[in-house]
2 protein chains.
Amino acid sequence: MSGFKRVEPIRIPVPQLNQHHRHVLIRKLDRLIPLAEIDASALANLSVGMRQVGPRTDLLHEGDTPDEVILMLDGFAARCKFQPTGKRQILAHLLPGDLCEPDAGYLSRLDFSVCTLSACMVAFISRRALASTLERYPATAHALRLVKLQEEAISREWLVNVGCRSALERMAHLLCELLVRLQAVGFATRDGYGLPITQQDLGDTLGLSNVHVNRTLKVMRDQNLVEWRGRQLKILDLSRLQVIAAFKLGYLHSTAGHDILAQ
Amino acid sequence: MSGFKRVEPIRIPVPQLNQHHRHVLIRKLDRLIPLAEIDASALANLSVGMRQVGPRTDLLHEGDTPDEVILMLDGFAARCKFQPTGKRQILAHLLPGDLCEPDAGYLSRLDFSVCTLSACMVAFISRRALASTLERYPATAHALRLVKLQEEAISREWLVNVGCRSALERMAHLLCELLVRLQAVGFATRDGYGLPITQQDLGDTLGLSNVHVNRTLKVMRDQNLVEWRGRQLKILDLSRLQVIAAFKLGYLHSTAGHDILAQ
DNA sequence: TAACTACAATATCATTTGTCATATTTCTAA
DNA sequence: TTAGAAATATGACAAATGATATTGTAGTTA
């Protein structure tokens, strides 16, 4: 739960936002509530500045009042809180299709940072442009409110995770959650996904030491639950993983995952 | 983290909402953002049904879609998630002046319950009446958004609590948080407050067993940090408690506590 | 008052998880 | 291609926390 550095963002400009990237957010919203064509194209037409950002880089600093909203296009980022002791708690994972922080601005300063875990492709959307789109397209605004509610449900589940569950259960639960969330945006197959983060990152997410994360992964490997090599996670026995995690699909309010997971 | 029962609410009607109770919410909002007289009286004029509710009683059930908002007037309640194993995680404490759940309704069903911990005095506000007040009084609506942001900041701090801090640190942090929040509504003195909950409740809040809560309290007693007798908590050494907790006042965004706590 | 109940206090023992140390492997950059 | 850095793997041990059992205490009900 320690031993990481803080690095300034090096933004490498990238010329063109392609169709694949542009529609990640739309795909995600569509899993929560069917989106009319007009709302989808309103979102697609939001002008963005796209950037490639390296791993372990701050996208937003604690104390910032960001004037742009960041749309994740590829890679893993996280909301983090750093402790005076050097410990770090990850508050949320930001996956492709996720926005941060659309609701900042009411209170002056962020009380957490947003850091990339892997290399990421992100888009910067002007807060004003987004606000005006949401005013003109109420269905889109509603969809973003649903996203917010989903995020809150995930946060609650994370508190249950660290408060009530064993290391193995926590890990299993997180892996199930990531499967469903990544499937919703087309970043996972039926039985696996790219998981380009470190065991330390997992530990800071689950409230475990990196050593214990490693131990827990070994147990999972030995039990033929998952395989994790070269940043690629393969789930070998999803139904058993779900039982261990006591994972209930419902809290995500998404139509993803229903074909492979029990309710 | 187990051994509790679920009880149906027995609502004892109480005839009259008095001035003291009526203004708990207003007092709380005023600590976040100064409230104009017109907004205060708009809130004061919301008609409510007031009830006395016993301890260990469900105010809202998981799966409900509540059509009333509950305003806490006195006592302690909590948002709870129950696990299949029988464990319970408390997600948030609801104190006098707190509302639950003003934002429900977008998504169909609650994924948690709201239970009283102590005997409580609560007021039921019609969701429609509240919505119409908020439409007519935008400053009040803004104040409630700030409340929401404060609640989210508290949730983040709770995740840090269980994820990063030792039992002693967790407990110290929670006791500091409760001091500030209760002071904001006039339910705490400079050095103490009524804490009418059990050690089991504390454990379910902090992700600890009731036995370990007891152990931790003994350490605090032995170190002359706090005294807790007869449901009354007395803080003997606030500054040391704050240091142990690494408690930063800022995240609550309230004007309460500044006179007795370091920044 | 007596009996009952919930809560608190505490001892003992078991288990989980953290810490430290050290290889080993993989990745990265010169 | 190689040297160095970062990440992973693993063992040994320590510390924190959980589980169980027992007793005490205060409040409640009959």
Side-chain angles (χ1 to χ4, degrees), chain A residues 1-5 7 10 54-57 76 83 85-89 117-119 161-171 195-222 226-233 244, chain B residues 1-7 54-57 76 83 85-89 116-119 161-172 195-222 226-233 244:
Chain A
M1 218 178 290
S2 61
F4 43 81
K5 59 199 179 189
V7 191
I10 302 165
R56 322 251 124 211
T57 305
F76 275 54
Q83 295 308 106
T85 57
K87 291 181 178 176
R88 172 180 72 159
Q89 177 65 42
L117 302 179
S118 69
N161 230 12
V162 288
C164 292
R165 293 199 258 253
S166 72
L168 184 69
E169 293 164 344
R170 289 180 215 188
M171 184 83 73
L195 185 59
I197 69 178
T198 68
Q199 295 183 2
Q200 177 74 60
D201 294 331
L202 270 182
D204 292 349
T205 301
L206 300 172
L208 298 171
S209 68
N210 56 349
V211 176
H212 202 65
V213 166
N214 188 287
R215 273 198 282 256
T216 306
L217 286 170
K218 179 172 167 55
V219 171
M220 290 187 142
R221 246 183 346 238
D222 292 349
V226 304
E227 231 171 49
W228 187 22
R229 295 161 49 92
R231 307 185 159 182
Q232 196 64 28
L233 183 86
I244 290 170
Chain B
M1 217 178 294
S2 61
F4 43 82
K5 60 200 179 191
R6 303 206 196 183
V7 191
R56 320 252 126 213
T57 305
F76 275 54
Q83 296 307 107
T85 58
K87 292 182 179 177
R88 172 180 70 156
Q89 177 64 42
T116 60
L117 303 179
S118 69
N161 231 12
V162 287
C164 291
R165 293 200 258 253
S166 71
L168 184 69
E169 293 165 344
R170 287 180 217 189
M171 183 83 73
L195 185 61
I197 69 178
T198 68
Q199 296 183 359
Q200 178 75 59
D201 294 331
L202 270 183
D204 293 348
T205 302
L206 300 172
L208 298 171
S209 67
N210 56 350
V211 176
H212 202 65
V213 166
N214 189 288
R215 272 198 281 257
T216 306
L217 287 170
K218 179 173 168 55
V219 170
M220 289 187 142
R221 250 189 336 249
D222 292 349
V226 303
E227 232 172 47
W228 187 21
R229 294 160 52 92
R231 306 185 161 184
Q232 195 65 28
L233 181 85
I244 290 170

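On a predicted model such as this, the values are computed, not experimentally measured, just so you know. In what follows, every heavy atom counts, from backbone to side chain, and hydrogens, waters and symmetry copies are set aside.
The separation between A:L206 atom CG and C:dG18 atom P is 10 Å, rounded to whole Å. Atom NZ in B:K218 sits about 18 Å away from atom C1' in D:dT17, given to the nearest Å. Here C:dA9 presents its C1' atom at 13 Å from CH2 of B:W228, a figure rounded to the nearest Å. D:dT8 atom C1' lies 13 Å from atom CG of A:L202, rounded to whole Å. Rounded to whole angstrom, the span from the CZ atom of A:R231 across to the P atom of D:dA7 amounts to 9 Å. A:Q200 has its CD atom 15 Å from the C1' atom of D:dA9, to the nearest Å. At whole-Å resolution of the value, CG in A:L195 and C1' in D:dT8 are 14 Å apart. To the nearest angstrom, C1' of C:dA6 lies 12 Å from CG of B:N210.
An angle of 50°, rounded to 10°, separates the two end axes of the helix from C:dT1-D:dA30 to C:dA30-D:dT1, each defined over five pairs.
The CE atom of B:M220 lies 11.0 Å from the CH2 atom of B:W228; values are rounded to the nearest 0.5 Å. Between B:N210 atom CG and B:R215 atom CZ the span is 10.0 Å, to the nearest 0.5 Å. The CD atom of A:Q199 sits 5.0 Å away from atom CG of A:L217, with the distance rounded to the nearest 0.5 Å. To the nearest 0.5 Å, the span separating CD on A:Q83 from CZ on A:R88 amounts to 12.0 Å.
Residue contacts for A:R229: at a heavy-atom cut-off of 4.0 Å it reaches no nucleic acid atom on any strand shown.
The side chain to side chain contact (heavy atoms under 4.5 Å, CB included) test applied to A:T198 returns A:R56, A:Q200, A:D201, not counting sequence neighbours. Among residues two or more places apart in sequence or in another chain, the salt bridge (Lys or Arg N to Asp or Glu O under 4.0 Å) test is passed with A:R165 by A:E157. Under the side chain to side chain contact (heavy atoms under 4.5 Å, CB included) criterion, A:T216 pairs with A:A167, A:L168, A:M171, A:H212, not counting sequence neighbours.
Remark: side-chain polar atoms of B:T116 are paired, donor with acceptor, to backbone N or O of B:T57 under 3.5 angstrom. Formation of a donor-acceptor pair under 3.5 Å by the A:Q89 side chain with backbone atoms of A:D204 is found in this model.
Between D:dA9 and A:N214, a contact under 4.0 Å exists linking OP1 or OP2 to a side-chain N or O.
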Could you run down the sub-3.5 Å N/O contacts of the protein with nucleotides 14-17 of chain C?
from   : atom 1 : to     : atom 2 : distance (Å)
C:dT17 : OP1    : A:A167 : N      : 3.2
C:dT17 : OP2    : A:H212 : NE2    : 3.3

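Residue A:Q199 has its side chain nearest to D:dA9 when only C:dT19, C:dA8, D:dA9 are considered.
B:E169 pairs with exactly one of B:I244, B:L206, B:N161 by the side chain to side chain contact (heavy atoms under 4.5 Å, CB included) rule, that one being B:I244.
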TODO: Treat primed atoms plus P, OP1 and OP2 as sugar-phosphate and everything else as base, then score nucleotides 25-30 of chain D 5' to 3': B for base contact with protein heavy atoms under 4.0 Å, S for sugar-phosphate contact only, - for none.
DONE: ------
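A:S118 approaches A:P196 most closely through the heavy-atom pair CB-O, 3.2 Å.
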